[in-house]
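Scroll down for the structure; my scribbles are underneath it.
Throughout, a chain's letter reflects where its sequence line sits, starting with A, and its residues are numbered from 1. Just so you know, these numbers use all the heavy atoms, side chains as well, and skip hydrogens, waters and symmetry mates.
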2 protein chains.
Amino acid sequence: MIDENLLQQFGAGSITIKKGDILFEEGDTAKYFYQIKSGEIKMNNFNDEGKEFIQSIFTKGNCFGEPPLFINKPYPANAVAITDAEVYAIAKESFFRLLFANPEAHLSMTVNLAQRLYFKSVMASEISSQEPEHRILKLIDYFKESVSKLQPADKYKVDLTRQQIADLTGLRVETVIRSIKSLEKKGLLIIEDRKVYR
Amino acid sequence: MIDENLLQQFGAGSITIKKGDILFEEGDTAKYFYQIKSGEIKMNNFNDEGKEFIQSIFTKGNCFGEPPLFINKPYPANAVAITDAEVYAIAKESFFRLLFANPEAHLSMTVNLAQRLYFKSVMASEISSQEPEHRILKLIDYFKESVSKLQPADKYKVDLTRQQIADLTGLRVETVIRSIKSLEKKGLLIIEDRKVYR
DNA sequence: CATCCCTTATGATTTGGGTCATAAAATGCT
DNA sequence: AGCATTTTATGACCCAAATCATAAGGGATG
């Protein structure tokens with residue numbers, strides 16, 4: 001989201017993490033601004049029974065974990081590498097200096113937060129009050145449109161496992177598998193060689 | 001969130017709405033920045049079966065409905081007055097001029113978005129994967145801490161109806177009533193004269 | 001103050017998604 | 001190639017929350 005040169009100019013370092021590594025944990029104090037250079041990071045929580053909930057999945061170019069920087073609260077979730085990844089990290093103070101010196105960068109941060117709040121709003125109403133099939137479709141459509149920047153007419157290959165869809169929607173794997181089957185029967189998506197297309 | 005004088009200086013008008021009035025609807029194009037002068041506004045959705053989901057409740061001093069201004073998307077929810085209310089409204093363009101001319105105002109907007117994103121994150125994981133009692137307690141604690149700015153030791157009177165709690169957590173009134181009863185038995189909150197305290 | 005509607009309340013019944021068990025196919029690792 | 005792990009898959013059963021019904025208390029309004 002923020003120009004790489006600008007990040008480096010303000011002293012950003014680069015961190016290399018392996019698949020499965022934890023960048024920060026729920027409850028930690030936020031000290032750095034992070035932006036992905038390569039790879040994928042997810043933010044998640046585990047409830048009392050150990051069930052995972054994925055807040056979001058971030059890919060190349062995305063920044064994540066900023067809200068706590070602005071409001072002085074601990075992280076509400078963990079950040080875990082889904083694949084090997086490289087991440088820019090810049091100290092909180094430098095980050096704020098960067099924002100004040102670059103109004104456009106600040107605006108793009110604001111736009112980014114607005115974007116994510118928008119997504120959370122849409123998913124919140126889905127998760128709370130819709131049937132599984134509806135939730136799953138909405139999630140897939142969000143990924144198709146906002147993550148992959150595709151048009152409704154394009155054919156989109158869902159790059160999420162059934163388990164990940166379950167963890168993103170708060171459902172169980174079995175329910176996701178059955179719902180996806182049912183959605184295929186209704187012609188709302190296609191399963192080819194176990195892969196889901198929409 | 002934004003100084004009233006500043007808003008007026010950039011040409012903000014004032015809108016008077018009555019309890020139950022709709023300020024904007026899901027799908028509408030965002031043209032104004034809104035901030036509450038007095039009264040309460042809720043943002044909500046209705047699912048296919050007509051069940052309400054309350055995204056948030058906003059009170060004096062809060063602004064709301066900005067994300068769509070930044071990302072050029074239609075409103076993801078409706079804005080409805082819970083009580084009679086007065087609201088500042090400032091045209092999108094004037095609002096952006098205000099932000100660029102006042103970096104501190106821009107920062108406070110960013111902080112506000114961060115705050116709301118934080119809340120949505122916490123509630124998302126709650127709603128998706130916890131039992132009713134847990135969800136309700138988390139919501140009450142959020143209102144106590146973030147809306148009323150009280151300390152854990154203070155006695156907080158929950159100013160939400162059982163129905164509102166249901167619509168904020170995605171549960172049914174009956175379930176909320178029964179859960180609150182059960183929470184009282186466990187000593188986690190107090191019911192006095194039908195009012196809930198925590 | 002009579003009426004209406006909202007809120008709180010409680011019991012009975014239903015049901016959809018969770019849970020458990022089991023397994024085959026695919027993928028990753030050494 | 002061989003083994004472990006993950007992913008997809010399906011059937012049987014269960015249970016908590018939704019649904020349905022019904023009602024009493026409280027607040028607002030003309």
message: Could you check whether A/K60 pairs with A/E40 (Lys NZ or Arg NE/NH1/NH2 to Asp/Glu carboxylate O, under 4.0 Å)?
response: no
query: If we only count heavy atoms from C-beta on, is the B/I57 to B/L160 side-chain gap below 4.5 Å?
result: yes
field: Given B/Y75, B/Y88, B/F24, B/F58, the one that forms ring-ring contact (aromatic ring centres under 6.0 Å, His included) with B/Y34
entry: B/F24
statement: side chain to side chain contact (heavy atoms under 4.5 Å, CB included) with B/L188: of B/L137, B/I140, B/I180, only one passes, and it is B/L137
query: With ring centroids as reference points, do B/F64 and B/F33 lie under 6.0 angstrom apart?
result: no
- prompt: What is the 5' to 3' range of DNA chain D, first to last nucleotide, that sits under 4.0 Å from any heavy atom of chain A?
  reply: D/dT7 to D/dA12
query: Under 4.0 Å between a Lys/Arg side-chain N and an Asp/Glu carboxylate O for B/E192 and B/K155?
result: yes
message: Ring centres under 6.0 Å, that's the criterion: do A/F100 and A/F95 meet it?
response: no
- prompt: What string of B, S and - do you get for nucleotides 5-18 of chain C, 5' to 3', when a contact is any protein heavy atom under 4.0 Å?
  reply: --SBBBBB----SS
